[in-house]
2 protein chains.
Amino acid sequence: MRDAVDGISDQWARALPDLDVTPMHVVGRLSRASRLLERGIKDHLAARDLEPWEFDSLLTLLRSNPEHTMCMKDVTAAMLVSPATLTNRMDRLVERGLVTRSQAPGNRRMVLVTLTDEGARLATEIVYSHVANERRMLDALDPAEQELLAGLLRKLLHSLGDG
Amino acid sequence: MRDAVDGISDQWARALPDLDVTPMHVVGRLSRASRLLERGIKDHLAARDLEPWEFDSLLTLLRSNPEHTMCMKDVTAAMLVSPATLTNRMDRLVERGLVTRSQAPGNRRMVLVTLTDEGARLATEIVYSHVANERRMLDALDPAEQELLAGLLRKLLHSLGDG
DNA sequence: GTCGAAAGATTCGATGTCGAAAGGTTGGGT
DNA sequence: ACCCAACCTTTCGACATCGAATCTTTCGAC
């Protein structure tokens with residue numbers, strides 16, 4: 001069973017025989033798998049009129065705490081995006097009525113964002129089918145393989161500073 | 001040894017106890033690992049005044065065949081980007097003198113792109129340190145673990161249609 | 001108290017990406 | 001011969017993202 005990266009590896013063996021491309025076997029596949037999964041998620045959400053970034057935002061707040069409230073800085077860290085991007089995203093979620101902005105009591109530098117009732121309802125409603133969609137995309141791996149894969153990735157992530 | 005996804009998993013257990021988030025253990029980590037690796041690659045290339053998309057383009061042509069020539073369609077498939085994006089990318093690589101455009105003999109629908117001597121020289125010069133950088137980022141996993149990880153990802157990619 | 005540095009969010013400008021539409025080319029069916 | 005559907009690339013418009021600069025607020029040093 002060969003995949004696209006096997007083909008790329010063969011090409012390198014012909015083009016630069018002295019280049020050891022072993023690291024690409026992992027990095028290349030991680031990159032491609034991530035993009036293909038992202039595409040599958042996007043397609044699933046499109047049927048519900050949601051962009052991936054909108055859904056990510058809602059889920060981040062939904063799981064944060066019972067009040068569904070976070071400050072901008074913490075959201076940027078959780079979502080791995082720049083502050084500028086987050087300001088823009090929250091602007092549009094506020095416009096759609098899924099999120100509200102407010103001042104943090106005791107520290108006027110911070111801005112708090114909170115899910116509205118509709119935002120929480122929408123996120124809760126969709127997260128189940130979203131996870132089901134992810135499960136379907138991982139079907140090729142049995143539970144033991146998925147656990148093994150998750151464990152290896154955890155080790156890698158830890159070394160990359162994602163703790 | 002816990003990572004960020006373990007923390008997210010805990011949050012879900014508190015927020016929606018009846019939601020089985022097992023698929024996120026894999027999908028979430030794949031997504032985060034891919035983004036962190038991409039960041040490391042970007043930083044490494046920035047020191048050489050190259051953007052990741054420029055480097056990807058050069059490598060795709062370098063390994064393609066001894067003539068370093070491909071048609072646009074094949075490049076889009078290899079790089080997983082839209083045709084519109086590729087036209088834009090090749091425009092700028094031609095401007096930088098790293099790539100040339102030409103008509104395919106016998107089929108005027110196709111446009112061929114070819115590495116210039118400087119493009120091939122630049123790509124060949126940088127690919128070695130690039131792979132070394134990837135190897136360094138994977139250091140936390142020993143060779144057997146890397147092979148195991150690559151094998152699991154291959155199986156997943158194959159089922160996602162990346163053959 | 002006051003000043004200066006650091007923290008946090010926003011604005012601004014530039015850029016990269018995509019989807020849809022358009023333009024030219026090819027080949028098959030009749 | 002001709003047409004039409006499929007193919008390949010490019011153009012166009014919309015939009016998301018980021019880095020750098022800006023603005024306000026906070027906190028510590030003195």
Side-chain angles (χ1 to χ4, degrees), chain A residues 31-32 34-36 38-43 45-47 49-58 60-61 69-96 98-114, chain B residues 31 34-36 38-43 45-47 49-58 60-61 69-96 99-114:
Chain A
S31 168
R32 295 181 82 90
S34 177
R35 295 183 72 163
L36 293 177
E38 181 74 23
R39 196 169 296 181
I41 292 169
K42 182 184 169 112
D43 291 344
L45 292 176
D49 272 313
L50 273 181
E51 297 294 324
W53 67 262
E54 294 178 301
F55 190 55
D56 274 345
S57 304
L58 298 183
T60 299
L61 290 170
T69 296
M70 296 176 75
C71 70
M72 297 286 280
K73 179 186 191 305
D74 288 347
V75 181
T76 63
M79 299 183 65
L80 300 179
V81 296
S82 71
T85 296
L86 195 68
T87 293
N88 184 22
R89 288 184 175 185
M90 289 304 154
D91 282 350
R92 279 170 292 159
L93 288 177
V94 169
E95 232 171 288
R96 274 189 72 164
L98 302 175
V99 160
T100 59
R101 251 186 245 262
S102 60
Q103 289 277 348
N107 191 340
R108 284 174 299 175
R109 279 178 302 187
M110 291 186 186
V111 171
L112 301 182
V113 287
T114 306
Chain B
S31 168
S34 177
R35 294 183 73 163
L36 293 176
E38 180 74 22
R39 195 169 298 181
I41 291 169
K42 181 185 171 115
D43 291 344
L45 292 177
D49 273 314
L50 273 181
E51 296 294 325
W53 67 262
E54 294 178 302
F55 191 55
D56 274 345
S57 304
L58 298 183
T60 299
L61 290 171
T69 295
M70 297 175 75
C71 69
M72 297 287 279
K73 179 186 193 301
D74 289 346
V75 181
T76 63
M79 299 183 66
L80 300 180
V81 296
S82 71
T85 297
L86 195 69
T87 293
N88 183 22
R89 288 184 175 185
M90 288 304 154
D91 283 348
R92 278 170 293 160
L93 289 177
V94 168
E95 231 170 291
R96 275 189 72 165
V99 160
T100 59
R101 253 186 242 263
S102 61
Q103 290 277 349
N107 191 340
R108 283 173 299 176
R109 279 178 300 188
M110 292 186 186
V111 171
L112 301 181
V113 286
T114 306

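Every chain is numbered from 1 and lettered A, B, ... according to where its sequence line falls, protein lines coming before strand lines. Atom set for the values below is all heavy atoms of this structure, side chains included, hydrogens, waters and symmetry mates excluded. No experiment lies behind these values; they were computed from the predicted model shown.
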- Does B/A46 have any side chain to side chain contact (heavy atoms under 4.5 Å, CB included) partners at least two apart in sequence or in another chain, and if so, which? none
- Message: So for the helix from C/dG1-D/dC30 to C/dT30-D/dA1, with five pairs setting each end axis, what is the inter-axis angle to 10°?
- Response: 10°
- Message: My understanding is that only residues two or more places apart in sequence, or in another chain, count here; which of them pass salt bridge (charged side-chain N to carboxylate O under 4.0 Å, His left out) with A/R89?
- Response: none
- side-chain hydrogen bond (donor to acceptor under 3.5 Å, both in side chains) filter on B/T69, not counting sequence neighbours, yields B/T114
- Contact list for DNA chain D against residues 102-110 of chain A - heavy-atom distance below 4.0 Å: A/N107, A/R108, A/R109
- Item | Partners meeting side chain to side chain contact (heavy atoms under 4.5 Å, CB included) with B/Q103 (sequence neighbours left out) | B/R108
- Message: Please enumerate all residues that pass salt bridge (charged side-chain N to carboxylate O under 4.0 Å, His left out) together with A/R109, with sequence neighbours excluded.
- Response: none
- Task: Using side chain to side chain contact (heavy atoms under 4.5 Å, CB included) as the criterion, list what pairs up with B/N88, not counting sequence neighbours.
- Result: B/R92
- In the 5' to 3' direction, the nucleotides of DNA chain D bounding the stretch that comes under 4.0 Å of a heavy atom in chain A are D/dA16 to D/dT26
- Measure the CG-SG distance between A/N107 and A/C71 for me, rounded to the nearest 0.5 Å. 9.0 Å
- Note on the structure: B/S/- along nucleotides 10-23 of chain C (protein heavy atoms under 4.0 Å) is BB----SBBB----
- Query: If you measure from CG on A/L61 to CG on A/D56, what distance do you get to the nearest 0.5 Å?
  - Reply: 11.0 Å
- Qualifying side chain to side chain donor-acceptor pair (under 3.5 Å) pairs with a residue from residues 71-85 of chain A, counting only residues at least two apart or across chains: A/S82-A/T85
- Partners of B/R96 by side chain to side chain contact (heavy atoms under 4.5 Å, CB included), sequence neighbours excluded? B/L50, B/E54, B/L98
- For A/V94, does its backbone N or O pair with a side-chain atom of A/R101 as donor and acceptor, under 3.5 Å? no
- Query: Going from CZ on B/R35 to NZ on B/K42, what distance comes out if it is rounded to the nearest 0.5 angstrom?
  - Reply: 12.0 Å
